[in-house]
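Notes for the one structure printed next.
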Amino acid sequence: MRRLYTLVMAAVIISSSAQAQSPSPQALPDWSGVWAMQGNTVFDRASVQPQTGRAGEAGVRESPPYNAEWEAIYRKNIERVKTGAFPDPVSTCGTPHGFPRIMNVPDVYEFAVTPQATWILAENGPGVLRVYTDGRSYPAKEDLWPTYTGASLGRWEGDTLVFTTISLKGSKDDDVIVDRTGIVLSDASRATTRMRKIDAETIEAQMVIEDPKAFKAPWTVTKRYKKQPAGTWAWDYACAENNRNPITGSGKTLTLGPDGKPLDKVVD
C-alpha cells in the first residue's frame with residue numbers, strides 16, 4: 001500500500017507540473033491565419049552589408065559573432081557564393097531547411113497553437129518545427145541525436161512563447177546552412193526564441209543563438225511575420241516538381257530555362 005501511495009502521489013505531482021506549464025486554451029494568444037516573413041531571406045538584416053543586399057548575391061555578408069576559425073569558413077563561403085559554387089542543400093528538393101533557417105524562409109507560415117504544443121508550419125518545405133509546452137523534459141542524452149530542427153521545449157510567459165532548441169545537426173554533414181550568404185553553425189549550436197504578437201498584424205520572433213564552437217558571444221536575431229488577408233491559402237510546396245537547380249561537377253548551381261537547358265554559361 002505504501003508503494004502504491006508513493007506511485008499515485010508521484011503521478012499527481014507530475015500531472016500538476018505539466019498542467020502548470022500548459023495554459024488553458026482560452027489563455028492562449030490568437031495566432032490563427034496565414035503569415036509571411038517580412039523582408040528578404042538575409043537571416044540577420046540588422047547587420048547585413050550592403051544594407052540592400054540579398055542572400056545569394058555576390059559580396060553580401062552579415063556579422064555573426066564568429067571566432068577566427070569560423071569567420072574564415074564564412075569568408076570562404078562568401079567567395080564560393082561569388083562564383084556560384086556555394087550549394088544550397090535544399091536544392092535537392094527533400095532536405096529540410098532545419099533550425100534556425102526554418103524561421104527565415106519565403107512563402108507563408110501557419111502556427112498551430114495548443115496548450116500542449118505549438119507547431120510552426122512553413123509552406124516552403126519540408127518544414128515543421130514542434131515546440132512542446134506540456135511540461136516534459138528533454139530526452140536523456142543517450143536518446144538524443146542531432147536532427148535538422150532539433151528538440152524544442154517551451155513555456156508561455158503571458159502571451160509570449162519562450163522555447164529553447166537543442167540537438168541540432170549544424171553544418172557538419174554539409175546539409176544545413178542558415179542562409180545563402182554562406183552562414184553556417186556547428187552541431188553545438190542552440191537557441192532560445194521568444195515569440196509574441198506585437199500588434200494585431202505582426203508576430204515577432206527574437207532568437208538568441210549560442211554556439212560555443214563557432215561564436216565568441218551569443219547572437220541575437222529578430223524576425224517578423226505579417227498577417228496575410230483573410231482567406232489566404234497555404235499550399236503544398238513540391239520542390240521536386242520544379243527542380244531548376246542542377247549542380248555541375250565543379251559545384252556550380254545552374255538554373256534551367258523553359259526548354260530544360262541551363263541558362264548559365266557552364267565552364268568546368
Side-chain angles (χ1 to χ4, degrees), residues 10-37 95-105 107-170 176 185 187 189-198 200 202-210 221-228 232-237:
V12 169
I13 291 171
I14 293 171
S15 175
S16 298
S17 174
Q19 290 174 4
Q21 294 277 348
S22 302
S24 67
Q26 294 77 17
L28 293 171
D30 179 10
W31 292 3
S32 61
V34 174
W35 305 74
M37 184 181 69
T95 301
H97 286 82
F99 185 90
R101 193 180 182 188
I102 191 175
M103 307 297 291
N104 186 55
V105 294
D107 304 326
V108 297
Y109 290 82
E110 292 177 298
F111 305 101
V113 181
T114 75
Q116 290 77 35
T118 294
W119 290 266
I120 298 175
L121 311 173
E123 181 184 61
N124 194 296
V128 179
L129 179 66
R130 301 167 180 85
V131 180
Y132 294 106
T133 53
D134 56 3
R136 72 180 67 188
S137 300
Y138 291 108
K141 186 175 181 179
E142 61 270 20
D143 296 327
L144 273 176
W145 64 92
T147 62
Y148 290 98
T149 51
S152 294
L153 294 183
R155 65 187 182 279
W156 287 95
E157 295 182 358
D159 63 354
T160 301
L161 176 62
V162 183
F163 63 93
T164 298
T165 305
I166 66 170
S167 194
L168 293 162
K169 281 175 64 71
V176 181
L185 300 174
D187 58 356
S189 65
R190 57 183 287 151
T192 297
T193 304
R194 301 181 65 89
M195 291 188 70
R196 65 187 182 96
K197 280 176 82 171
I198 59 175
T202 312
I203 289 176
E204 179 180 88
Q206 184 184 80
M207 291 166 276
V208 178
I209 302 168
E210 300 172 273
V221 177
T222 300
K223 310 300 296 185
R224 288 184 174 177
Y225 311 88
K226 182 176 178 59
K227 192 165 189 178
Q228 302 303 289
T232 299
W233 284 73
W235 298 100
D236 288 338
Y237 181 81

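One-based numbering along the sequence shown.
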Original post:
What heavy-atom pair brings Thr133 and Thr114 nearest, and what distance separates the two atoms?
Top reply: OG1-O, 4.0 Å
**OP:** Show your working on side chain to side chain contact (heavy atoms under 4.5 Å, CB included) between Phe99 and Thr193 and close with a plain yes or no.
**Re:** CA-CA 11 Å; Phe99 185 90; Thr193 304; 3.7 Å; yes
Original post:
salt bridge (Lys or Arg N to Asp or Glu O under 4.0 Å) with Arg196: which residues, sequence neighbours excluded?
Top reply: none
Original post:
Is the backbone N or O of Trp145 less than 3.5 Å from a side-chain atom of Ser167, with the two atoms forming a donor-acceptor pair by type?
Top reply: yes
**OP:** Work out which heavy atom in Ser152 is nearest to a heavy atom in Thr165; give both atom names and the distance.
**Re:** OG-OG1, 2.7 Å
Subject >> Donor-acceptor contact present, side-chain Lys197 to main-chain Asp30, <3.5 Å >> reply: yes
Original post:
Can you check side chain to side chain contact (heavy atoms under 4.5 Å, CB included) on Met195 and Ile120, steps first, answer last?
Top reply: CA-CA 11 Å; Met195 291 188 70; Ile120 298 175; 3.8 Å; yes
**OP:** Determine which pairs satisfy salt bridge (Lys or Arg N to Asp or Glu O under 4.0 Å) with at least one residue from residues 159-170, sequence neighbours left out, and list them in order.
**Re:** Lys169-Asp173, Lys169-Asp175
Original post:
If you draw a 6.0 Å radius around CG in Asp236, do more than 12 non-hydrogen atoms from other residues or ligands fall strictly inside?
Top reply: no
**OP:** State, yes or no, whether a side-chain contact exists between Trp156 and Val113 at a heavy-atom distance under 4.5 Å.
**Re:** yes
Original post:
Can you name the nearest heavy-atom pair linking Lys227 to Trp35, along with the distance?
Top reply: N-CE3, 3.3 Å
Only pairs under 3.5 Å count here: list side-chain donor-acceptor contacts from residues 121-130, not counting sequence neighbours, and write none if there are none.
residue, atom, partner, partner atom, Å
Glu123, OE2, Trp235, N, 2.4
Asn124, OD1, His97, NE2, 3.2
Asn124, ND2, Asp107, OD2, 2.9

Original post:
Distance-only, no hydrogens or angles: does the Tyr225 side chain make a donor-acceptor pair with backbone N or O of Met103 under 3.5 Å?
Top reply: yes
Original post:
What pair of heavy atoms forms the shortest contact from Ala36 to Val108, and how long is it?
Top reply: CB-CG1, 4.3 Å
**OP:** Could you tell me which non-hydrogen atom of Leu168 sits nearest to which non-hydrogen atom of Pro146, and how far apart they are?
**Re:** O-CB, 3.6 Å
**OP:** Kindly give the heavy-atom pair with the smallest separation between Arg101 and Val105, and that separation in Å.
**Re:** O-CG1, 3.4 Å
